[in-house]
Amino acid sequence: MRLRHRIFLTLTILSWPLPGLSKFLYHGDCSLKYDPAFTEPVPVNICANANAGTWITSKSKAPKNIQPPILHHADGDLSLFLTPWVSLSGKAHSNIYISRETGKTVSRDQERDMILLQIGNNALSRHRLGAGRGRPVYRIDHNLRRQLDFAWGLEFFEAPDVDFVNYTYDNQLDWTVQASYGKLNETKLNDRQQAFGAVRGMYDIAALEGTRIVVGGFGDGLLRRSLSVGLLNVNGKGDETALEFARTFGLFPYDPNEFRQLIRLSYLSHEQDRIRYKFQYDDYFRHVRLGGMGVVYNPMKYAELECQIGYAKHEDTGSLSHWFAYLHAGVHL
Amino acid sequence: MNLKRVVSGLVIVLMLKSPLLAAGAKKKPRAATQPAQTNGQSKTGQAAHASTTKTVENTNTVIEINDTATDDADVPSNRPIDRIFRNPVLASGLSSGADAINKSIDSLMQSLFYSLVDNKLKWPLTGSASINLGLTREVFTARSGAYVVVDRFGIGPEYSKELYRYNNIPVTLGAYQSTDVYDIYLRTDPMRVTDNKKLPWWRVAVNNWFGVLPLLEAILPPSFNANEMYDPLNRLEAPFSFPLSAESAGTMDIGSIKSYSISGGVNLGIEMSQGLHGFKDQITTGASAIDVRLPYTVFRTGEYRINILKKDSNTVWIGLMDANRLGHKVETKLGKTYYLLSKTIPLWKGMAAPIFPIDFGIEEAIGDLFGRVYSFDLRNEEAKTAYLEAVHGNFAPAQISWLRAREDNFDTGVSFFYTKQERRYETSIGTGHNIFITNKHSQRTHSDAEIEITDATGKYHILEAKEDRDLKRWDMLTGASEENITLQAELMVRKVVEKEQSEGDLKSRFEFLAQGNPIDISFSLSLNDKFVETEDLTDYLELLSRFTQLKIEGLPKIQTREPENLAIRRRQVFLTNDQSETHHLHVTPTHLGRFEGYATVRMTNDQLLAIAALPRAALWKGFCDGFKVANTEKCLLWEKSLFWRNLYRTGSIISQPLKLMDYRWTEADSVDEIEDSVAALKRFYKGKTPELKQAALRSLFATDYPVERVESILKLADLAKIPRSIELEAQPKGNASEDVKNRFKKYDGHRFTSDTPFPPPARYDTTKEAEAKFDPANLTFVGTKPRIKKISLYADVRAPTFGKNKKSTNSSNSTNSDSQTVILITRLAISKLGGADHVSVYVKLEQAGRVQLAKLKLIEDIIEVPIPDDFSISAPDRANFLIKLSGPQSVLANLISEESLSLGGEYKLTLAVSGAGRLWSDEKTLEFRIEDGQLKAR
């Protein structure tokens, strides 16, 4: 189809009365307006999310008074649901670091996070199959300052990028078990080294108005292994509290340099008068301890302002301790 | 341009559009978007259901609570007296308890806060000897709903020396002696506030930990109990407030107990231990990850205790208990206590996290117990003198005074209840695990005893066989639940002393009493769960029904999961995938609140004999039914053939290690259980003497499966002749919908009883009733408690009288929002005042504050409301009055409460009343919200 025809078709679709689009186009939390168990779902649904923003971080005791670069961040995900049983999802992000001193781009990180084809629906199916490329989930991973982890290189516990297949059993009552198997996306490795496997079990109980216990881990052919145990509580008002314990091991499991451990306690309040409060404490064993409290404010639809103050104690760089603060302004769809 | 292509494109769009528009609901207004981590559950919608809490949607909204129960006395319970609550402090056969405390920590609150009030100090004297000082506090919940506080002051020496080492296994000799003084009293929140008003400022500051306690109460979850920490000095005062004189006994609070004891013991033990290393610890310190310890101890302990109960304003009861135990025990301790978050805060060791996957112990002991109880009317001089002697342990003057009163009709003011002498043979097995956030412990004690009781009418003897199983579960998230089962038989006998041939050598035996049914058998089950869900409730009701073979009918059905929440979740997760980072929790079984259930069965000797007389095949079949052995042929095969029994028994052998962690495999154990039960019944049938019957009953009750055993016995019995009952108590809590809460509330106070009535209390029951008075959990306020019959809450919307209120009202939809303020008024109707001329009203208003971490106390105070003379004359027992909770004329309002109410939110109002300042009514709560200046139900 020629370009002008594509443009015309797109404009035709977009110019359709909005109430028509909203019946199958969702964004944000992508909640249906009807109960799919009792109402025939629309055959095609689209869920789209996008976030973009700028993060400015300051540190006390910054070496040579050079402050961390400004981070421009954008991420988005798009899911296409063809009938309730088949879905295709994609997710990507882009980070651009700009030096505050020179105004020049220091580094870029642009990555496709995930592509996934799933058979089965999370609301209606007990058995689900998926295939895709990306980093399979295996932890509770309730992280309230993900962008800071990007900036500070604290992504020790992420699974590697793999091509994988995934099976999920969800009894739709309280248990969910997920298993993934795949190959690392590094062609220089042999077949055995490329092997990857991950498993995650989640169990929900009624305690404190809703608590999830998550146990999971992964291992690969390069003898990297990781194990995580966590609790997530979401009460009736929407406050989220999480506690996680994770360990990861490298090639030599008893080598202190390859041993990583994380204890994380995080809290996110529900929204009240457009404000949410958050708190997170991370203890990366023999690396750094971070504690911070913040406020997220939504001055208007799609806009977000966030401010967080915290304290970090590094244990592997001469025991340097410092305060940090960051300010974030952004938009989200 | 190719028109055909354009038209085709439009047609394609049209074809796509039509089905897309056919389905789906109407678009709803967009809610404010949130960051990626959306919650998986939403707040339950408030459907309009009929209930005692009504709302009327207009400007003068009224919310009401009605107590429709009559003011009559409570219907007596059928529960066995000594199983109402197990007393961990005064129970005979008490071990030192130190090991139990060191092994596990009951709750996170205990490890973080309550342990601050438990101080155990040790001063070393020599290398092996030390002086221990213990100041501890325990808080229980009494049946009346008030808190029972047990403050203990203890001091004494301790000696421990390693005598010898054999192959690196130490042999240790230990001895200790302790003098303990207990102060046991009831406390409620209104009493705490009343104290704060009467005490000097410095004492109020100390009692509240210089302001830290109210702050903790505000920010911590509702499971935090401020009474655990309030008034820490009372533990130090315990020995000085002990009533050694009649005057000081007169100042005791009615219903409180003071107690002192002198105890001591000697033990000789060996301990084998081994440390197991984990990989992380190899990297760090090389310390062991888990310790394995196996101590074996031979011990002898003794305790002499005097308990003083203030029965009413003039009467004091004194109970003496003298207990000695000789025995031995083995305990395995597999685990270790770790410290989390250590080094994060200076001087703080970290949060103690005990990890004991296996916690197992067996103890055998012989106990000799002696007890006696007297009552003293302190208005009588002779009784005062006898009291002074009794409180120091000399009961001879009391006995003389009582005899003078009985035989010579003198008014001495001294009454005698009983003297009890008991020799008990006990075997106790404790199994469980404690892994910090969850623990489970089962304690099974089977015993038999010879009891001699002398009461006001004479002396009599009881032989007792008893099995007591206490199962406690706790986890950090849901709290504690407890299940207790007691199987008990009391044989009414008389002691016959025979003279042996060798001079002076007396031998005794027992004979059944000629009259009546000489054996009284009772089975009781009690369940107590502070956090019950729908699935748990179904299990509990089934358990109670199986235990008594009574049908539980006529109660409202409650769905396991709320359908509305299920629909919300389906809508939220439909458009997600399994690799999403957002967690959408499942809808779990609905949390209902607090539940207690009690089941009681009584049987007589004849009824059990009738069962025991049945053929063996019939007994096997009956027990197979009780143990759910579905295959009748397999059951009959077991009955006939020892070979097949032995073959199926291998499963039980394989499952033995699981029992160390208190896991049971019923199928594997059923052969042994049924075989033992049938053999015990046959021995009971054949036994002629009381001792043989007692031994058979002890074997019949000794089981890991008491529910199955009782169910089997009842299935074989003639149920028409056996009295049975079930009692339920339910207290709705949590965020379930009003409909669900109202349905659950209907379970409260329900009873199910068999047609056959329970027999009247026997002679021994009177003794047990007197004994139970000293049980702290049975403490109750003496006298008639006032009752709140009705609470009405309404809002009066007015123009503000001064400028600053103009901006304080919550405004977005109200038409006159800038000029209105909400004045909250509550009307109370109360009864059973007992003719008081004024009423003390306890008012507490809480809000989950802006941060909504826990709760914020806006108002907590006590106000005095005078009752007009003419009203009190015409209706001395009742009163109705209004209290303004907010507004310029309110005596309770403060800046914080006014600001909070004007901004709106969700609130909880708690009220209690008292006619004399000490006897408080039960607390009533009412939840409401203020939205846009309107008062609405929650």
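Each chain gets a letter, A, B and so on, in the order the sequences are listed, and its residues count up from 1.
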### Message
Quick check on side chain to side chain donor-acceptor pair (under 3.5 Å): which of A/Asn121, A/Asn166, A/Asn122, A/Thr168 does A/Arg128 satisfy it with?
### Response
A/Asn122
Are any side-chain N or O atoms of [X] and backbone N or O atoms of [Y], one a donor and one an acceptor, separated by less than 3.5 Å?
X	Y	value
B/Arg561	B/Val587	yes
A/Asn171	A/Asp174	yes
A/Asp204	B/His586	yes

### Query
When only pairs under 4.5 Å are counted, which of A/Met114, A/Gln118, A/Arg135 shares the most heavy-atom pairs with chain B?
A/Gln118
### Query
Among B/Thr590, B/Val573, B/Asn577, who wins on heavy-atom pairs under 4.5 Å with chain A?
B/Asn577
At a 4.5 Å cut-off on heavy atoms, which part of [X] comes close to chain B: side chain, backbone, both, or neither?
X	value
A/Glu306	neither
A/Phe164	side chain
A/Arg200	side chain
A/Leu265	neither
A/Asp170	side chain
A/Leu173	both
A/Cys30	both

### Task
Please tell me if the side chains of B/Arg569 and A/Gln172 come closer than 4.5 Å, counting only heavy atoms from C-beta onward.
yes
### Query
Is a side-chain donor-acceptor pair under 3.5 Å present for B/Asp529 with B/Ser481?
no
### Message
Going by the rule side-chain contact (heavy atoms from CB on, under 4.5 Å), which residues pair with A/Val331 if we only count those two or more places apart in sequence or in a different chain?
### Response
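Counting only residues at least two positions away or on another chain, A/Val331 forms a side-chain contact (heavy atoms from CB on, under 4.5 Å) with A/Ala52.
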